[in-house]
Amino acid sequence: MKLFFLIILVTTMTGFDARSQEDMNVATSTGSTFFIDTDELPKLISAAQNGELFAAVRLYKYYKFSIMDSEKAFIWLTNAAELGDKVSQYNLASFYLQNGQAELAEEWALRAFDNGLAEASELLDEISNKQK
């Protein structure tokens with residue numbers, strides 16, 4: 001019995017993993033990480049339209065990184081930001097700043113900062129410097 005626990009302890013501590021070497025060599029793309037099955041997509045859209053934050057964020061990532069549809073990604077990024085996701089608020093502020101819309105960038109960066117995203121202070125400084 002002690003030998004059994006010793007084996008479990010050693011395999012846990014050494015990071016032993018039952019995956020094959022072939023599985024470990026397969027690259028995972030960002031697109032496949034955020035893939036959404038066609039059966040799941042309408043459910044997520046409905047959930048996001050009904051105020052489900054997780055669904056909105058997931059749809060943003062799906063359209064941004066998997067489908068690479070920037071227009072739909074922007075729609076869901078905005079939706080997630082409006083639902084209160086501080087990272088989405090920061091990303092939306094960055095988008096507006098990159099596209100020359102400093103007032104909107106400042107509005108969303110302030111929301112992200114107010115929601116506890118400390119990194120937003122650096123973005124607010126950048127916005128302030130560009131407005132001078």
Side-chain angles (χ1 to χ4, degrees):
M1 186 60 117
K2 289 182 183 179
L3 179 61
F4 174 74
F5 287 118
L6 181 60
I7 291 171
I8 297 296
L9 179 65
V10 169
T11 57
T12 304
M13 292 177 64
T14 60
F16 176 78
D17 193 344
R19 295 182 299 170
S20 71
Q21 185 66 33
E22 182 178 311
D23 290 341
M24 292 171 30
N25 290 332
V26 175
T28 303
S29 73
T30 304
S32 65
T33 301
F34 298 111
F35 178 76
I36 297 173
D37 187 78
T38 54
D39 294 337
E40 188 179 9
L41 187 59
K43 296 172 190 171
L44 282 171
I45 291 171
S46 177
Q49 289 171 336
N50 288 309
E52 175 60 46
L53 176 60
F54 174 77
V57 171
R58 187 138 180 247
L59 287 165
Y60 160 66
K61 291 176 181 178
Y62 168 70
Y63 284 111
K64 174 80 173 167
F65 302 114
S66 190
I67 301 299
M68 297 183 178
D69 182 332
S70 58
E71 289 179 21
K72 287 184 180 176
F74 179 77
I75 290 168
W76 294 112
L77 174 63
T78 304
N79 186 272
E82 289 171 346
L83 290 171
D85 182 58
K86 60 188 173 186
V87 174
S88 296
Q89 292 168 342
Y90 179 92
N91 289 340
L92 190 56
S94 294
F95 171 83
Y96 282 130
L97 183 60
Q98 291 170 3
N99 288 286
Q101 296 176 289
E103 288 182 20
L104 285 171
E106 184 175 33
E107 174 188 334
W108 286 105
L110 279 170
R111 287 190 191 190
F113 183 76
D114 290 344
N115 282 326
L117 190 65
E119 294 87 352
S121 67
E122 294 173 17
L123 187 57
L124 286 165
D125 289 343
E126 186 179 341
I127 294 165
S128 178
N129 290 336
K130 287 196 177 203
Q131 289 178 332
K132 291 181 181 178

**Report entry** Closest contact, heavy atoms only, Phe65 versus Met68
**Finding:**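 For Phe65 versus Met68, the nearest heavy atoms are O-CE, 4.0 Å.
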Query raised in the report: If you look at every heavy atom in Ala102 and Ile127, which pair is closest and at what distance?
Result: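 That would be O-CG2, 3.9 Å.
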Query raised in the report: So if you build clusters from Ile, Leu, Val, Met, Phe, Trp, Tyr with side-chain heavy-atom gaps below 4.5 Å, do Trp76 and Leu53 land together?
Result: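 Cluster IDs for Trp76 and Leu53 differ.
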**Report entry** Worked verdict on Ile36 versus Leu59 for side chain to side chain contact (heavy atoms under 4.5 Å, CB included)
**Finding:** CA-CA 8 Å; Ile36 297 173; Leu59 287 165; 4.1 Å; yes
Kindly compute the distance separating [atom1] ([X]) from [atom2] ([Y]), expressed to the nearest 0.5 Å.
| X | Y | atom1 | atom2 | answer |
| --- | --- | --- | --- | --- |
| Tyr60 | Leu77 | OH | CG | 5.0 Å |
| Tyr62 | Lys72 | OH | NZ | 8.5 Å |
| Ser121 | Leu110 | OG | CG | 11.0 Å |

Show the atom names and distances, to 0.1 Å, of all donor-acceptor pairs under 3.5 Å that link a side chain in residues 78-97 to residues at least two apart or in another chain.
unit_1: Thr78; atom_1: OG1; unit_2: Phe74; atom_2: O; d: 2.8
unit_1: Asp85; atom_1: OD2; unit_2: Ser88; atom_2: N; d: 2.9
unit_1: Asp85; atom_1: OD2; unit_2: Ser88; atom_2: OG; d: 2.5
unit_1: Gln89; atom_1: OE1; unit_2: Ala112; atom_2: N; d: 3.4
unit_1: Gln89; atom_1: OE1; unit_2: Asn115; atom_2: ND2; d: 2.8
unit_1: Gln89; atom_1: NE2; unit_2: Ala81; atom_2: O; d: 3.1
unit_1: Asn91; atom_1: ND2; unit_2: Val87; atom_2: O; d: 3.4
unit_1: Ser94; atom_1: OG; unit_2: Tyr90; atom_2: O; d: 3.2

Taking distance alone, no hydrogens or angles, what donor-acceptor pairs closer than 3.5 Å link side-chain atoms of residues 37-50 to residues at least two apart or in another chain?
unit_1: Asp37; atom_1: OD2; unit_2: Asp39; atom_2: N; d: 3.0
unit_1: Glu40; atom_1: OE2; unit_2: Arg58; atom_2: NH1; d: 2.7
unit_1: Asn50; atom_1: ND2; unit_2: Ser46; atom_2: O; d: 2.9

